[in-house]
Amino acid sequence: MIKMENGKWKMENKLKKSLSLCVSAVIFLSFAFSVFAQETPPKPSAPKIVKVPVVKEKKLANGLTVAVVERKNVPLVTVQLLVKSGASSEQMTQAGLANMTASLLTKGTKTRNATEIAELMEFLGGSINTGAGWNSSSVTVNIMSDKLQQAMGVMSDVVLNPTFKQEELDLLKSQTLDNLVYNLKQPGFLANYVASRYSFSEHPAGGTPASIENISQVDIIAFHKNNFNPQNAVLIFTGDITAVQANALAQKFFGNWKKPESIASRKKNLSVIQVEPRQTMPKRILVVDLPNSGQASVNYLNRVFVGRSGRDFYPASVLNSVLGGGYSARLNQEIRIKRGLSYGAGSSFAWRTNETNFGTRTQTKNESAAEVAELVLAEVRKLTDSSVSSDELSPRKLVLTGDFGRDLETTQGLAGAVSELYSFDIPTSELNAYMKNVQTVSDAQIRDFAKGNILGGDLVIVGDYAIFKDDLKKRFPNRQIDVIKADELDLSKTNLRK
Amino acid sequence: MRKISAFLSMLVFAFVLSQTAFGQVKILPLNIKQRTLPNGLKVVSLRDNSSPTVSVHVWYNVGSKDDPQGRSGFAHMFEHMMFKSTKNMKSEMMDRLTEDVGGYNNASTWDDFTNYYEVIPSNYLETLLWAEGDRMVNLNVDEKNFNSERDVVKEEFRQRILANPYGMLFGQYLEKLSFTTHPYKRPGIGNLDELNAATPQDANEFYQMFYRPDNAYLIVVGDFNQAQFDAWTNKYFGKISRPTDAVGRVTQNEPDRTAEKRHMMTAPNVPFPAVAITYLAPVSKSADVPALRIAETILAGGESSRLYQELVYKQQIAQEAAFTADIRVDRGLLYFYAIASEGKTPEELEKSLLAELTKIQSSPVTINELAKAKNQLITRTLQEREQNDGKAIAIERAVAYMGNPNAVNTDIQKLQAVTIADVQRVMKKYFTDKNRVVIYYQQEAQKQ
């Protein structure tokens with residue numbers, strides 16, 4: 001939980017994005033220099049085309065989809081089993097169930113205990129990671145290609161034969177609770193945690209102290225039985241492997257995975273809610289008071305009634321790149337680069353099937369929390385009432401396509417991109433359409449999307465309230481400010497208080 | 001709790017070992033080209049056209065250890081200034097040349113060095129060589145930018161050190177309490193007072209002293225034409241003159257420790273006590289480093305590692321337990337740390353960490369543990385080499401810690417050659433009672 005690289009307390013200039021392929025694109029850079037003696041940078045040569053790989057797909061007799069992307073430059077393979085159920089399939093009272101089920105897969109099978117599983121995978125030099133997000137769960141192996149057979153044996157064992165022993169559940173619960181206590185001391189985490197309930201009417205996917213206590217072995221076994229089956233899963237291979245080899249391994253290690261007796265239909269949220277434009281900015285103001293917090297976390301959050309597979313995905317993605325996706329996006333320009341008020345500011349959409357969570361985030365000294373809140377709201381509003389010039393728009397699109405291309409350079413990034421599409425039942429041909437779809441988004445589409453979706457969200461600030469209370473009241477006169485003490489927070493209550 | 005041993009599974013491995021200890025996967029050497037320009041700039045290049053991108057790194061031999069007196073945190077703050085205006089570039093123009101064309105840039109300040117890097121579509125290579133050459137010699141430090149960037153760094157300090165419950169331990173106390181003499185005792189992030197004291201004049205002096213061709217490496221990996229690259233390098237870097245004065249170097253040596261020292265530290269909002277136990281390490285060029293890396297992996301690499309299995313899994317006294325070989329150019333640190341589980345004490349953590357130390361000193365690690373550590377390190381190397389930037393980072397590390405880019409191709413062989421006896425020998429050599437500093441870190445007393 002304390003992240004350090006190579007044991008160093010390394011300081012980077014910028015918050016790091018995912019590592020590394022760049023997308024060439026035809027762009028004309030114009031540099032306007034007024035000083036005579038200045039040099040101008042040399043112009044780029046002709047761009048080269050980025051190859052986006054092709055996904056080869058096959059279905060086994062038991063219904064398991066197998067997807068393969070070959071990439072031969074390094075002798076590594078990533079294998080990911082995607083299960084199309086995640087935290088959205090659990091109740092608030094059992095928040096954390098999907099994640100705990102995934103975590104316990106590697107903690108014991110009918111023939112191997114937790115230590116043996118870790119020992120074997122690590123002996124092979126590989127790793128096996130399990131987890132659950134909102135829409136899906138996954139088991140991911142990254143391994144040298146000559147050791148793939150042995151690793152697949154372990155992988156299929158943990159998926160097909162987990163035992164979910166009570167003592168392992170007890171240990172995981174106490175670890176999860178300790179980790180929560182640690183995270184709830186951090187303003188950034190706390191803001192997302194409370195927003196899941198307050199602004200998004202969901203629950204935190206990692207659970208709450210009460211919900212974690214509440215989860216039993218019976219619940220875990222049932223979650224696994226109901227969701228882990230070949231018809232609800234996709235086995236993805238990326239890297240140094242051919243489709244023929246991958247299909248043979250899939251058959252060998254997952255061919256005997258039984259179909260469910262009755263097919264549980266995937267939880268579908270069919271509500272199509274027509275919302276009237278929400279113009280009050282912000283709709284509500286919530287402060288979580290964390291005394292002695294080293295900084296304040298300032299967030300604007302809004303539920304957006306569009307889904308990942310709909311046509312709004314691309315306008316929303318480009319809007320995000322303009323507002324808060326990357327170093328030179330507007331939020332970071334205004335808050336960090338122009339005013340030195342933060343180390344970084346950004347925004348993102350957490351995509352769902354039908355309704356999606358939009359949020360901005362930044363941390364600043366407690367003294368400037370209210371000032372930063374005003375800056376954030378002004379940038380959100382600006383998207384709805386003024387256009388994005390093509391000089392600004394073109395580079396922000398290239399940021400998206402560049403990041404996308406770089407993600408596909410590693411076997412793990414490639415598996416993640418393929419997996420995301422499957423988790424929303426989007427055809428994998430979309431990988432090849434991504435760059436074009438981004439390029440064709442217009443300024444008008446962005447503004448239409450903004451007007452219909454991003455206003456009327458909540459302002460949530462977590463920090464040492466005594467320090468910014470007066471300034472917040474001054475900057476938001478006549479507005480109700482709801483204040484909850486961090487140690488009185490209880491997400492299971494409607495008023496969020498113990 | 002059932003009894004679980006990390007070593008129960010020996011039989012399973014007999015089979016595995018026969019297939020994998022001499023695995024087919026080979027790490028191919030990186031075929032690097034090197035030259036030195038007349039002004040002293042060292043250039044390392046590696047062609048790889050598997051993607052139409054190129055990674056450009058400029059590495060400067062200046063790090064946090066070179067912070068001026070009374071200016072702790074300065075090298076890092078100066079690194080931020082390198083993204084501001086130059087004679088030929090407006091502030092943030094580096095972002096226009098990278099981010100805006102689908103690439104990215106960043107920089108990081110380490111104890112011993114500072115690096116600036118970009119990953120860009122390869123048709124922009126010439127543009128970026130021009131830009132890196134420009135900021136090596138033409139930086140403008142103006143007061144307005146300086147003050148604004150100081151505020152950014154102060155927010156970075158608050159975010160990393162103050163808002164994180166364990167920030168004070170790992171970002172301040174660990175170094176302050178582990179070194180007595182060497183500038184490593186001053187944390188690289190600095191502190192708010194010394195950041196406030198810094199001036200643009202300091203920045204100009206620092207720039208003149210350290211940012212110069214004879215104190216730098218240009219490392220380029222990716223899709224380029226060698227002859228064209230060489231010509232561009234001559235054009236954009238060759239014209240920079242070499243200063244006549246010598247580069248200022250750290251001369252202090254950290255002396256041997258003579259007796260165990262213990263410290264009780266506190267901070268607000270610390271949910272669970274933590275313990276760190278540090279020992280002075282050998283310098284990065286020491287022949288003992290590869291064995292320490294293997295020991296690091298055996299003690300702390302993954303959930304099958306000794307510390308996880310013992311403290312987290314069996315005894316359940318820690319939520320995290322680790323060992324780090326923080327090897328630096330001068331003597332760095334070898335340290336254990338653990339964060340307690342609910343209700344557990346720092347005394348319990350210390351006792352169990354030291355028991356693991358005694359175990360690895362008094363009996364040899366197993367042949368399986370040694371093979372496992374090597375397999376893990378090979379996989380990590382392969383992962384790093386999936387992308388051009390990873391290869392550039394590996395070359396940079398060889399430059400920084402071995403003073404020689406060719407070490408990128410020999411380090412892995414040195415790890416492969418480590419024996420069981422080597423591991424035991426280095427664990428006895430450095431982990432002595434008198435070389436120990438123990439830090440307890442807990443919640444401060446509540447204010448009345």
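Keep in mind that this is a model prediction, so the values were computed, not measured. All chains are named by letter (A, B, ...) in the order of the sequence lines, taking the proteins before the strands, and each is independently numbered beginning at 1.
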Q) Does the side-chain hydrogen bond (donor to acceptor under 3.5 Å, both in side chains) test come out yes or no for A:T362 and A:S342, once each step is laid out? A) CA-CA 7 Å; A:T362 186; A:S342 177; 2.9 Å; yes

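- Between chain A and the residues B:P268, B:A322, B:G302, B:G222, the most heavy-atom pairs under 4.5 angstrom are made by B:G302.
- Residue contact with chain A, scored on non-hydrogen atoms closer than 4.5 Å, involves the side chain of B:Y308 exclusively.
- The candidate from A:S328, A:S127, A:G239 with the greatest count of non-hydrogen atom pairs under 4.5 Å with chain B is A:S328.
- The parts of B:V312 that come within reach of chain A are both its backbone and its side chain, each placing non-hydrogen atoms under 4.5 angstrom from that chain.
- Contacts between A:A329 and chain B at a heavy-atom distance below 4.5 Å involve the backbone alone (N, CA, C, O).
- For B:D223, the part sitting under 4.5 Å from any heavy atom of chain A is the side chain, from C-beta outward, and nothing else.
- Partners of B:D134 by salt bridge (charged side-chain N to carboxylate O under 4.0 Å, His left out), not counting sequence neighbours: none found.
- Interface remark: B:K235 contributes no atoms to any contact with chain A (heavy atom separation under 4.5 Å).
- Heavy-atom minimum distance, A:T411 versus A:V77: OG1-C, 4.4 Å.
- Note: B:N269 leads B:N269, B:D151, B:I27 in heavy-atom pairs under 4.5 Å with chain A.
- In this structure, A:S293 and A:N366 approach most closely via the heavy-atom pair O-ND2, 3.0 Å.
- Of the listed residues B:L162, B:L129, B:T98, the one with more heavy-atom pairs under 4.5 angstrom with chain A than any other is B:L162.
- Rounded to the nearest 0.5 Å, atoms CD (A:E122) and CD1 (A:I128) are 10.5 Å apart.
- Aromatic ring pairs are classed by plane angle as parallel below 30°, tilted from 30° to 60° and perpendicular above 60°; the pair B:H76 and B:H80 is perpendicular.
- With sequence neighbours excluded, the residues that form a ring pair (Phe, Tyr, Trp, His ring centres under 6.0 Å) with B:F323 are B:F336, B:F431.
- With respect to A:R336, the salt bridge (Lys or Arg N to Asp or Glu O under 4.0 Å) criterion is satisfied by exactly one of B:E149, B:E156, B:E92: B:E149.
- Heavy atoms of A:R71 lying under 4.5 Å from chain B are absent altogether.
- For chain B, no part of A:I335 is nearby; none of its heavy atoms comes within less than 4.5 Å.
- Looking only at distances, no side-chain donor or acceptor of B:D326 sits under 3.5 Å from a matching main-chain atom of B:G332.
- Looking at B:Y116, there are no atoms closer than 4.5 Å to chain A (heavy atoms on both sides), in backbone or side chain.
- Heavy-atom pairs under 4.5 Å with chain A peak, among B:K154, B:R158, B:R150, B:M82, at B:R158.
- Chain A forms the most heavy-atom pairs under 4.5 Å with one residue out of B:P187, B:S148, B:A340, B:P165, and that residue is B:P165.
- Between B:S108 and B:N115, the side chains place a donor N or O and an acceptor N or O closer than 3.5 Å (distance only, hydrogens not considered).
- At a 4.5 Å heavy-atom cutoff, A:T106 makes no contact with chain B through either its backbone or its side chain.
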